[in-house]
Amino acid sequence: MFDGLKGGPRPPGWRGDVGFIFMLGALMAITPSAVDMYLPALPTIGRAFNATQDQVQLSLSGFFLAFAFGQLAWGPIGDRYGRRGPTLMGIALFAVGSIGCSFARDPIELALWRVVQALGAAAGVVLARAMVRDVFDRDRSASVMSLMMLVMGAAPMLAPILGSQVLKLFDWRAIFVVLAALGLVAGLPLLRQPETLSENNRRSAGFASVMGAYARLLRDPRYLGYVIGGAGIFGAMFAYISGTPFVYIELFGVAPDTYGLLFALNVVGMMGSNFLNSRLVLGMGSDAALRIGLLASVVCGAVLLAIAATGAFGLAGIVAGLAIMLACMGLIGSNAMAGALADHPQIAGAASALAGFTQFVLGAISGLMVAVLADGTAVPMCATMFAMALLGYGAHALLVGKRPAVA
């Protein structure tokens with residue numbers, strides 16, 4: 001049995017922390033790949049289906065909602081049956097959904113297959129975070145999650161570029177075939193890694209047990225403060241994901257392949273801040289770094305909204321403002337998740353699932369807000385991002401504060 005402390009014993013067959021981190025980062029990269037690779041094709045898909053912007057974006061919002069609810073199921077399953085088997089099942093489901101998307105005949109059918117795709121992708125993300133909690137203590141978990149985000153960061157940086165290149169050479173449907181292949185490749189290293197959750201630490205997956213675990217989490221103000229605090233910046237990111245294809249391509253006339261490069265620029269900022277955070281948390285602690293990130297996101301969101309409302313600096317102003325604000329995610333996401341999981345090691349899968357559910361519910365809401373408020377400018381996207389940053393900052397300040405740990 002291994003105790004999960006930094007430097008403590010690891011499971012039999014352990015292949016090293018570096019390989020473990022890279023594997024989990026790749027598993028988590030499945031989801032941003034599924035979201036970002038087809039973004040340059042959204043206008044093309046709309047024309048192919050003779051569909052409006054909001055009809056096409058059903059496939060995006062549907063993915064977010066299905067991913068959110070999928071995590072609620074995979075978390076308790078992982079607490080009962082271990083992390084490895086359920087993750088492999090999720091990868092297989094993701095591949096099936098991806099192939100289904102490639103055969104879609106209308107926006108509704110595409111959205112339905114995206115739901116299947118998202119349900120499979122949810123397993124990798126929620127159980128990867130739980131595996132980190134199985135193995136490392138809190139501050140080390142925050143550092144490791146930041147390093148995982150560095151690995152995962154290659155996906156949102158490269159996926160739009162790859163998607164735009166596939167779009168230039170083939171039909172948009174080929175993007176989903178590529179996604180199926182990438183998902184299967186990402187799952188291969190998991191076949192050689194040992195299980196991180198020992199038999200002694202597994203819990204019943206019965207309905208009453210699952211509901212009891214979620215009820216316990218919902219009664220914990222500290223947990224909710226960390227979860228909503230982290231979910232705010234994710235909501236802002238999804239507003240960006242939902243809005244930029246139309247802001248960049250339709251409003252500013254950016255070519256699809258250039259869009260991929262602009263998207264990659266923002267990801268570089270997020271990767272840099274995650275690397276910085278992986279070092280900061282071992283010195284100042286994850287809570288201090290989280291507070292800095294939350295405050296910075298509010299300030300950056302306000303500046304970004306002012307740029308959009310005034311039109312200052314044109315496209316360059318929007319690109320720069322987005323890059324700076326999204327860089328705040330590196331100081332928020334991993335630290336908030338580590339804080340949320342720290343007090344509940346016995347139900348880490350459920351805690352990770354509920355946190356991820358909250359993130360993607362806010363993501364779906366923010367994406368719908370951008371679509372509904374669309375007025376041909378960048379203001380709806382930027383206003384939504386600012387509102388989400390305020391929500392995260394306020395929830396953390398109100399619910400965490402000086403409250404002691406509950407476990």
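Just so it is clear, the values below take in all heavy atoms, side chains as well, and ignore hydrogens, waters and symmetry mates.
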How close do [X] and [Y] get, counting heavy atoms only, and between which atoms?
X	Y	result
Thr44	Leu167	OG1-CD2, 3.9 Å
Pro245	Ile249	O-CB, 2.9 Å
Leu341	Ser352	CD2-N, 3.4 Å
Val210	Pro76	CG2-CB, 3.5 Å
Ile233	Met329	O-CE, 3.6 Å
Ala231	Thr358	CB-CG2, 4.0 Å

Is the shortest heavy-atom distance from the side chain of [X] to the side chain of [Y] under 4.5 Å?
X	Y	result
Leu39	Ile241	yes
Phe386	Val298	yes
Thr87	Met131	yes
Leu72	Val126	no
Leu184	Leu188	no
Ser242	Met381	no
Leu58	Pro107	no
Leu127	Pro86	yes

Spacing of [atom1] belonging to [X] relative to [atom2] belonging to [Y], to within rounding of 0.5 Å:
X	Y	atom1	atom2	value
Ser297	Leu304	OG	CG	11.5 Å
Leu119	Met89	CG	CE	12.0 Å
Ile175	Ile45	CD1	CD1	6.5 Å
Ser143	Asn274	OG	CG	10.5 Å
Leu362	Ile228	CG	CD1	8.0 Å
Tyr248	Leu322	OH	CG	4.5 Å

Pair Arg222 + Asp220: basic N to acidic O under 4.0 Å: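 Answer for the salt bridge query: no.
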Arg219 NZ/CZ over Tyr214 ring centroid, <6.0 Å and within 45° of normal: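 No, Arg219 and Tyr214 do not form such a contact.
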Derivation and outcome, side chain to side chain contact (heavy atoms under 4.5 Å, CB included), residues Tyr38 and Leu60: CA-CA 10 Å; Tyr38 93 130; Leu60 196 58; 3.6 Å; yes
Donor-acceptor contact present, side-chain [X] to main-chain [Y], <3.5 Å:
X	Y	value
Asp79	Gly349	yes
Gln117	Phe63	no
Ser59	Ala111	no
Arg291	Ala397	no
Thr258	Val254	no

Stepwise side chain to side chain contact (heavy atoms under 4.5 Å, CB included) test for Phe176 and Leu110: CA-CA 11 Å; Phe176 292 101; Leu110 177 62; 4.1 Å; yes
Enclosure of Asp375 CG (heavy-atom neighbours >12, cutoff 6.0 Å):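 Above 12, so yes.
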Atom CZ of Phe275 with >12 non-hydrogen neighbours under 6.0 angstrom: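 Not buried by this count: 12 neighbours or fewer within 6.0 Å.
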Among Asp36, Leu179, Val178, side-chain contact (heavy atoms from CB on, under 4.5 Å) partner for Leu162: Val178
Matching residue for Val144 among Val281, Val132, Val135 - test: side-chain contact (heavy atoms from CB on, under 4.5 Å):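 One option only clears the test, and that one is Val132.
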Pairing residues for Tyr240 by the side chain to side chain donor-acceptor pair (under 3.5 Å) criterion, not counting sequence neighbours: Asn266
Check against side chain to side chain donor-acceptor pair (under 3.5 Å), Tyr259 and Thr244: CA-CA 9 Å; Tyr259 169 82; Thr244 50; 3.1 Å; yes
Centroid separation Phe49 to Trp172 less than 6.0 Å: yes
With Tyr226, the side-chain hydrogen bond (donor to acceptor under 3.5 Å, both in side chains) member among Asp343, Asn335, Asp287: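 Running side-chain hydrogen bond (donor to acceptor under 3.5 Å, both in side chains) over Asp343, Asn335, Asp287 with Tyr226 returns exactly one hit, Asp287.
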Salt bridge (Lys or Arg N to Asp or Glu O under 4.0 Å) partners for Arg84, two or more places apart: none
Trace of the side chain to side chain contact (heavy atoms under 4.5 Å, CB included) decision for Leu224 with Leu218: CA-CA 7 Å; Leu224 295 176; Leu218 290 171; 4.0 Å; yes
Parallel, tilted or perpendicular, as decided by the 30° and 60° cut-offs, for the rings of His344 and Tyr223: perpendicular
Verdict with reasoning, Met385 to Leu326, per side chain to side chain contact (heavy atoms under 4.5 Å, CB included): CA-CA 10 Å; Met385 293 179 71; Leu326 291 173; 4.2 Å; yes
Residue pair Gln71, Arg129: steps toward the side chain to side chain donor-acceptor pair (under 3.5 Å) verdict: CA-CA 11 Å; Gln71 290 183 89; Arg129 292 192 298 247; 3.0 Å; yes
